[in-house]
Each structure stands twice: as structure tokens, then as C-alpha cells.
Amino acid sequence: MKVNVDGVELELPAGTSAIDAVFEAGGDVPYFCAHKYLSPVGACRMCLVESGSPRKEKDGSFVMDDATGQPKIFWFPKPMASCTMQATDGMHIKTARSSEVVAKAQAGMMEFTLLNHPLDCPTCDKGGACELQDRAFEYGYGASRFGFDRRHADKHYPLSDFVILDQERCIHCKRCVRYFEEVPGQEVLDFIERGGHTFIDTEEGGLPTGFQGNITDICPVGALLDNVARFRGRNWEYDHTPTTCTLCPVGCSITVDARNGRLERIVARENREVNEAWICDAGRFGHAFASERRLTVPLVRVNGELQETSWDGAIAAIRAGMAGRNAADLALYLNADSTLEEGVALEALADAMGTRHVDHWPRYEVALDAMPNGAATLSDVATADAVVVVGADLGEEAPILELRILEMLRGGLLPPEYTHGTAIADLRLVERPARDPQKLAVVGKESRLWGHAGIRASSNGHNALERLSQPDTAELQAALKLLTDSEKAIIVLGADVLNGASGSFAAQLSDLATRTGAKVMAIPAGANSKGLAALNLVPREGGLPYARVAEAPAAFISRLDPGVRARGLTIVHDSHLTATARLADVVLPAVTGYEKRGTTVNLEGRLLELEQAALSAGEAADLIRTLSAVSEALGLRAPVRGLKGARDLAAQRLGIKLGGLPERGVIHPLRTAHVAPTEQVYTPQLWTERMQPSIQTLIPANLQPLPMLGAAPVGGDD
């Protein structure tokens with residue numbers, strides 16, 4: 001269809017909203033209530049435009065304008081909200097650029113919106129990133145005709161431990177209310193009272209944990225604030241670093257905001273293919289550890305006590321500790337959230353040393369990449385017509401996957417994309433959408449998703465898949481029938497069923513996928529387990545898995561905390577003084593996942609990039625640089641000495657060109673998955689101990705003060 005915006009004619013797909021037509025034409029319309037992933041409601045009345053359309057006679061011909069000889073345009077008598085109006089063929093739209101009526105109407109709406117707003121921009125945390133502030137300058141009168149005292153309401157009202165409400169600033173756009181109703185499906189917020197006394201609150205008090213922090217991102221003013229980042233800085237003071245979250249295998253796109261070397265705030269970054277515009281509460285609020293109680297210099301054990309030293313001193317201590325041992329005696333263990341580049345570097349060093357003791361953790365013993373119908377993506381999950389979750393607690397393993405499944409229950413409507421980006425107002429989305437719980441089956445233990453499922457079957461993890469394949473209860477029969485009768489079914493597998501899975505498990509799953517035509521999404525144990533599994537980072541023949549680190553002749557343990565030491569020299573590479581670090585002979589300071597460049601592979605097999613945020617970490621180093629130091633201590637030339645070398649080697653090993661990936665990442669099938677017995681069970685836990693604010697409890701009272709970053713200053717009050 002053709003639409004004319006301010007004299008610019010453009011071709012648009014049917015169903016496009018008028019506001020998207022304006023932005024597609026390169027124009028601008030202010031808006032507060034519309035949001036890319038929420039239903040349009042026309043609540044703020046700022047996106048007003050003049051619009052008119054041609055009419056047809058009874059014979060189907062257009063009513064013509066005698067003066068121009070063109071179809072006559074019949075204009076609506078007053079400006080209309082463009083976010084709730086569908087553009088139609090031949091429609092003409094006028095914005096404030098070409099219509100004085102629209103400009104006056106928008107300026108009047110801005111004056112009305114600011115009628116009771118406290119205008120406390122000098123102290124509001126949202127200052128510099130406030131949509132209301134920006135639009136007031138662009139579309140407001142510049143002065144108010146109302147001189148009376150503004151309404152006063154509660155300030156700093158805690159909706160939860162993480163979210164603070166300032167009722168005075170709220171402009172009743174209803175984004176937060178719609179978010180809870182439409183995205184996580186929790187009707188916990190609503191308007192209270194009527195007219196000028198309306199305010200937002202919960203009836204029961206408190207917000208549900210899991211995804212509450214997203215309302216601080218979408219609030220267009222400073223009414224809802226992140227209590228962890230509150231009063232830490234202003235938007236223009238932060239160094240903004242777009243990167244990828246590595247707390248779970250989803251790999252959400254985030255922006256890390258740092259100020260004066262401290263990580264102060266994390267906000268969600270849009271990635272239509274992965275997390276859309278949402279992140280979980282752990283990813284948003286669990287970052288305090290990155291700037292608190294950090295190890296900043298190497299430590300070596302002298303007379304039973306850990307003492308600070310230089311990197312040269314640490315290298316000398318490693319050299320002395322390995323005296324009389326072969327390099328092959330040193331076991332190498334790394335965390336499964338390490339980047340592909342770090343994994344390549346460690347594998348190369350292991351080969352150079354000839355050690356058999358190599359492992360990454362957490363991981364499972366089975367590879368499920370070669371399924372008959374292929375691996376499912378998150379968009380596949382959101383648009384499926386049936387999902388069966390087997391042995392998974394998504395709240396602990398992959399929270400955003402839970403939101404994509406809930407998206408499936410409400411129809412799986414993915415917002416369209418235009419050249420100006422994701423549709424601002426997708427008119428197919430409705431408030432309080434109907435959900436179809438019969439499209440979801442949960443097999444296993446009770447979890448948060450359990451309450452949304454129409455089919456629930458209790459089962460132990462170790463035999464859940466076998467019982468689903470050969471159902472022995474009515475619930476399991478219903479779950480299997482759901483898979484069989486659907487055309488786009490997805491099977492999601494979690495830790496309860498993947499722990500201890502053997503080779504026959506893969507065959508059994510493949511058989512079920514063939515019978516039902518379902519795609520499979522197996523949730524990896526670690527943030528980059530899928531990527532590291534493509535490297536030979538498992539115990540070689542005769543090697544010790546991570547579970548038997550205490551039996552290793554000597555060990556290098558990167559960002560893992562088994563709570564025991566090796567028999568001989570123990571080197572710990574970590575960002576904090578963990579229980580294992582306190583037992584170590586040498587402790588090397590490590591950077592966190594927010595402070596390094598590299599590549600990770602999420603649960604879809606999507607390659608996503610990490611970028612380095614501007615955080616103060618003293619002499620902390622990533623794994624590649626640390627392994628170079630270990631190589632020097634062992635008298636070896638490090639096979640990989642930097643990021644470029646690691647990427648060159650990855651290209652040879654994996655056939656992947658790393659670096660310069662698209663912003664949304666790219667799915668790249670990996671050739672091989674290396675597996676080996678783990679000899680221990682992995683229990684997913686999203687909020688790890690080091691993410692808790694009580695990191696102080698890790699430090700024993702009799703330990704000498706170590707060179708670490710200080711705790712955050714106590715926030716002020718406006």
C-alpha cells in the first residue's frame with residue numbers, strides 16, 4: 001500500500017501503524033506509552049497526527065477532487081493518536097513538521113503532562129536519559145501557563161528491594177502495567193484511584209522476582225528506578241559498553257555502564273533474535289561483585305600466609321612450585337563461561353604441555369547437536385505451536401527462554417521490522433492477551449513455568465525422556481500427543497534430564513524427535529559450554545576431570561571454586577578471594593566477564609561478542625594473558641599470546657572467523673562436540689554466592705588485609 005507522510009510517498013506492508021509510517025518516512029513523532037514489544041494503547045496522546053484517506057463510491061471508484069483530478073482526501077476533524085491507528089492505502093499523514101494544528105496539540109499535551117510533574121530533573125536519576133525531558137524541549141511550549149502548586153505524592157516508595165517508585169514523576173503511560181500483564185504474565189501492577197489521584201502500585205505489595213527490573217528500562221520518566229544503581233551517576237557520566245551477559249547460556253545483549261572504573265548499572269540492549277528488549281533480574285542487579293572486594297594484584301603463599309607480589313614474583317613462585325615436576329603434571333581447569341578465544345588458548349597450552357588433565361565446568365556428558373530436525377532457535381520457540389519442557393527449571397538455567405515460551409503461549413507474534421528498526425506499535429498486540437496453556441507441557445519438577453502449563457507431569461530427571469517416549473500416565477500421554485499433533489513442536493531439555501545422560505540418551509532423543517518432527521533445544525550447563533565443547537577441553541585418556549581436582553599432581557584453576565586444592569602446586573586464577581583461592585599457593589587476579597573481549601556461543605549456537613567495559617581491576621588479566629605467564633614459568637613458549645593469535649587459531653580449529661560479528665550475533669554450526677564423563681552432578685544456580693552482596697563473609701577474620709577495591713560508597717538521597 002502507498003502512504004503519504006508530510007508529502008513523502010512510500011510503499012508499506014499492510015498492517016503498518018501510522019506512527020511506524022511516519023518513522024519509515026524519516027519523520028518524527030513524540031511518544032511515551034508506545035513500546036516495541038508492548039501493545040499500543042494510545043494513553044499518552046503525544047503521538048498525534050492529522051490523517052485523511054480517500055473514499056470510494058458505491059461502484060468502487062474513488063471520490064475525485066475536481067480541483068486536482070486526484071482522489072479526494074477526507075481528513076479526520078481532529079488529530080489522532082498515530083500509535084493506535086493503522087495506515088491504509090492512500091492515507092495522507094501530517095506531523096508537526098507540516099501541520100500547525102498538530103504542533104499546537106502536541107505542545108498542549110506536553111503542557112498537560114507536565115501539569116503535576118515535579119520537574120526535579122536536577123536530582124532525578126533519569127536526567128539525561130528521560131524521554132519526557134527530551135520531548136519537552138523538542139515539542140513543548142517552553143513555559144507553563146499554570147502557576148499553582150503541583151500535586152505531591154509519595155517519593156522513594158519501594159515496590160521491591162530492587163525497584164523504587166516515585167509517584168510524583170509518573171505520567172500514567174501504563175508501560176509497566178502492560179509489561180507485567182503481557183510479557184511475564186503477572187498481573188501485579190495497576191492503576192489505583194481515579195482522575196487526578198491515580199497512581200501505580202501493587203495490591204499485594206512487592207514485585208515478583210525474575211523479570212521485575214525491566215520496568216526500570218521502559219519507564220519513560222524517572223518514576224521507576226533501579227535501586228542498585230540509584231544515585232550512582234548520571235547518564236552522561238557513564239561509559240556505555242555494549243556486550244553480552246554470561247550469567248547463563250541465553251547470552252542476552254546488555255549495556256554495561258561504568259563510572260570512574262566502577263560497574264554501576266546494567267541495562268538491557270535490544271536483540272530481536274535473543275532477548276528482544278528484556279533481561280532477567282540476576283543479569284540486571286547481580287553485578288555488584290564486579291566492583292567489590294576484587295583481587296587486584298597476584299598473591300603467593302609465604303610461611304603459610306598469602307602475600308601480595310608482582311606478576312614476576314608469581315611467575316617465580318610457579319616456577320619454584322613446579323620444580324621437579326613435569327609440565328604434563330599440571331592440570332588445567334577453566335570455567336564454562338570463558339570465551340572461545342580463552343578456550344583455544346588453554347587447549348593449545350595443554351597440547352604444548354602434554355597434560356591429560358584438562359576440563360571445563362559446568363558441562364554435561366552428552367552431545368545433542370546432531371538431532372534429525374536441527375537445533376531450535378529462540379525465535380523458533382517463540383513461534384512454535386507446542387513446547388514440551390523436560391527436566392528444566394528455566395528460572396535457574398535460562399530465564400529469558402521462559403519469556404520466549406510465554407510469548408509462544410500468547411500467539412507467538414514477533415514484531416515486524418522496518419528500515420527504522422523494530423515496529424514501534426505492532427497493532428496485532430493486545431492488552432491482557434489471551435494465552436493458550438494447552439500448548440505447553442512441563443515434565444519434571446515444579447518450577448515457575450509449571451503454573452503456566454496446561455499439561456503438567458511429575459517425573460524424575462533420569463527417566464523423564466524415557467517415560468515421555470513411552471508414556472505411562474495420562475499427563476505424559478497428553479504431552480506426547482501434543483508433540484505428535486503439532487507442526488512446529490519444540491522439546492526443551494534441562495539439567496535434571498541432562499545430568500548423567502549417556503550416549504543412549506542421544507539416540508533415544510533422536511528417535512523421539514524423528515517420530516514427532518520436533519526440534520530440540522538442550523540448555524547447556526554453562527554460558528559457553530556449547531562453544532567450549534567444540535574444543536578438546538575434556539580429560540584426555542587417563543586424565544582427571546574437574547571433579548577430581550584434589551587428586552591432580554598440580555592444578556591451574558581459572559574462575560572455579562571447588563573448595564579443595566590439588567595434591568601439589570595449586571594456582572588459582574580468579575577475580576575474588578574464594579574458598580579455593582584461600583587454599584592456593586599462587587593466586588592470579590582475573591577479570592570478570594564484563595572486562596574482556598572475546599566470543600561466546602549461546603544455547604542456540606549463536607556466536608555473540610563480548611566487549612571490555614572500563615572497570616578498574618588493578619593488575620587483573622584475562623585467561624589468555626595469564627596462560628602466557630604460566631607458560632613462561634614452565635619454560636614454554638606460549639602457543640597463543642593475545643586475542644588476535646587466539647582468533648587465528650580458532651579459525652583453523654573451528655572454521656570460524658571471529659571478530660567483527662553482526663550486532664545480533666550469527667548462528668554457526670560447530671563441527672564436533674567433545675564429551676567425557678564428569679563424575680559429578682551439576683545443579684544450576686543463577687544467583688551464585690559471589691553475586692550476593694555478602695561477599696564480605698568469604699573473607700576470614702584472621703586474614704591480613706589484601707589489596708582490593710573498596711566497597712561502593714553509600715548512596716545519597718534527594
Side-chain angles (χ1 to χ4, degrees), residues 318 321-322 325-367 524-562 564-574 580 584 586 588 590 598 600-601 622-631 633-634 636-640 645-646 649-650 652-654 670-680 682:
I318 296 172
M322 288 296 291
R325 299 179 189 275
N326 295 322
D329 290 337
L330 184 65
L332 302 174
Y333 302 112
L334 77 163
N335 195 303
D337 67 359
S338 302
T339 64
L340 271 181
E341 290 85 348
E342 290 176 325
V344 165
L346 188 131
E347 183 193 23
L349 179 60
D351 290 342
M353 292 163 51
T355 182
R356 299 167 298 168
H357 317 304
V358 183
D359 206 352
H360 66 282
W361 182 257
R363 65 177 174 86
Y364 300 121
E365 300 178 7
V366 65
N528 194 26
S529 288
K530 207 174 182 76
L532 298 182
L535 304 169
N536 193 16
L537 294 174
V538 294
R540 286 81 191 272
E541 185 176 356
L544 296 169
Y546 170 68
R548 295 167 62 186
V549 59
E551 301 174 33
F556 171 85
I557 305 168
S558 179
R559 297 173 52 246
L560 289 166
D561 188 17
V564 297
R565 53 168 291 136
R567 287 190 288 117
L569 178 71
T570 302
I571 309 163
V572 168
H573 173 235
D574 212 313
T580 307
V586 179
L588 305 174
T600 187
V601 183
D622 64 15
L623 185 56
I624 297 176
R625 289 170 54 203
T626 303
L627 290 176
S628 296
V630 173
S631 301
L634 298 176
L636 299 172
R637 176 177 173 76
V640 175
L649 188 55
Q652 299 172 27
R653 288 278 291 105
L654 304 173
L670 299 171
R671 293 171 182 166
T672 310
H674 296 270
V675 294
T678 62
E679 301 188 21
Q680 66 176 323
Y682 167 60

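Positions are given from 1, in the same order as the sequence printed here.
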Q: Before giving the answer on side chain to side chain contact (heavy atoms under 4.5 Å, CB included), spell out for Thr580 and Leu560 the whole-Å C-alpha distance, their side-chain angles and the decisive distance to 0.1 Å.
A: CA-CA 8 Å; Thr580 307; Leu560 289 166; over 6 Å; no
Side chain of [X], backbone of [Y]: donor and acceptor closer than 3.5 Å?
X	Y	answer
Thr355	Leu330	yes
Asn528	Thr600	no
Glu342	Leu623	yes
Thr672	Leu670	no

Over all heavy atoms of both residues, which pair between [X] and [Y] is shortest? Give the atoms and the distance, please.
X	Y	value
Ala646	Ile624	CB-CD1, 4.0 Å
Val358	Ala350	CG2-CB, 3.6 Å
Leu332	Leu346	CB-CD2, 4.0 Å
Ala534	Arg653	O-NH2, 4.1 Å
Ala327	Met353	O-CE, 3.1 Å
Ala566	Ala552	CB-O, 3.5 Å

Drop me the distance from [X]'s [atom1] to [Y]'s [atom2], to the nearest 0.5 angstrom.
X	Y	atom1	atom2	answer
Ile557	Asp359	CD1	CG	11.5 Å
Leu334	Leu532	CG	CG	5.5 Å
His573	Thr626	NE2	OG1	3.0 Å

Would you mind reporting whether [Y] and [X] have side-chain heavy atoms less than 4.5 Å apart?
X	Y	value
Glu341	Val344	no
Pro539	Leu544	no
Ile318	Phe556	no
Leu340	Leu654	yes
Val538	Val675	no
Gln680	Pro545	no

Q.
Once salt bridge (charged side-chain N to carboxylate O under 4.0 Å, His left out) is applied, do any residues pair with Arg540, and if so which ones, sequence neighbours excluded?
A.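 Counting only residues at least two positions away or on another chain, Arg540 forms a salt bridge (charged side-chain N to carboxylate O under 4.0 Å, His left out) with Asp351.
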Q. Among all residues two or more places apart in sequence or in another chain, which pass the salt bridge (charged side-chain N to carboxylate O under 4.0 Å, His left out) test with Arg548?
A.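 For Arg548, the residues satisfying salt bridge (charged side-chain N to carboxylate O under 4.0 Å, His left out) (neighbours in sequence not counted) are Glu551, Glu679.
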[X]: what forms a side chain to side chain donor-acceptor pair (under 3.5 Å) with it, not counting sequence neighbours?
X	result
Ser628	none
Asn335	none
Asn326	none
Ser631	none

Q | For Tyr333, ring pair (Phe, Tyr, Trp, His ring centres under 6.0 Å) partners two or more places apart | A |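 By the ring pair (Phe, Tyr, Trp, His ring centres under 6.0 Å) rule, Tyr333 matches Tyr546.
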Q: Quick one: list whatever passes side chain to side chain contact (heavy atoms under 4.5 Å, CB included) with Thr678, sequence neighbours left out.
A: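 Listed in chain order: Trp361, Arg363, Glu365.
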Q: Only counting residues at least two apart or in another chain, list the ones meeting side chain to side chain contact (heavy atoms under 4.5 Å, CB included) with Ser529.
A: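 In terms of side chain to side chain contact (heavy atoms under 4.5 Å, CB included), with neighbours along the sequence ignored, Ser529 is linked to Ala336, Pro524, Ala525.
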**Q.** Candidates Leu649, Val640, Leu535 - the one meeting side-chain contact (heavy atoms from CB on, under 4.5 Å) with Glu347
**A.**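 Looking at Leu649, Val640, Leu535, the match for Glu347 under the side-chain contact (heavy atoms from CB on, under 4.5 Å) is Leu535.
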**Q.** Residue pairs passing the salt bridge (Lys or Arg N to Asp or Glu O under 4.0 Å) test where at least one lies in residues 325-340, sequence neighbours excluded
**A.**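 Listed by first then second residue: Asp337-Arg559.
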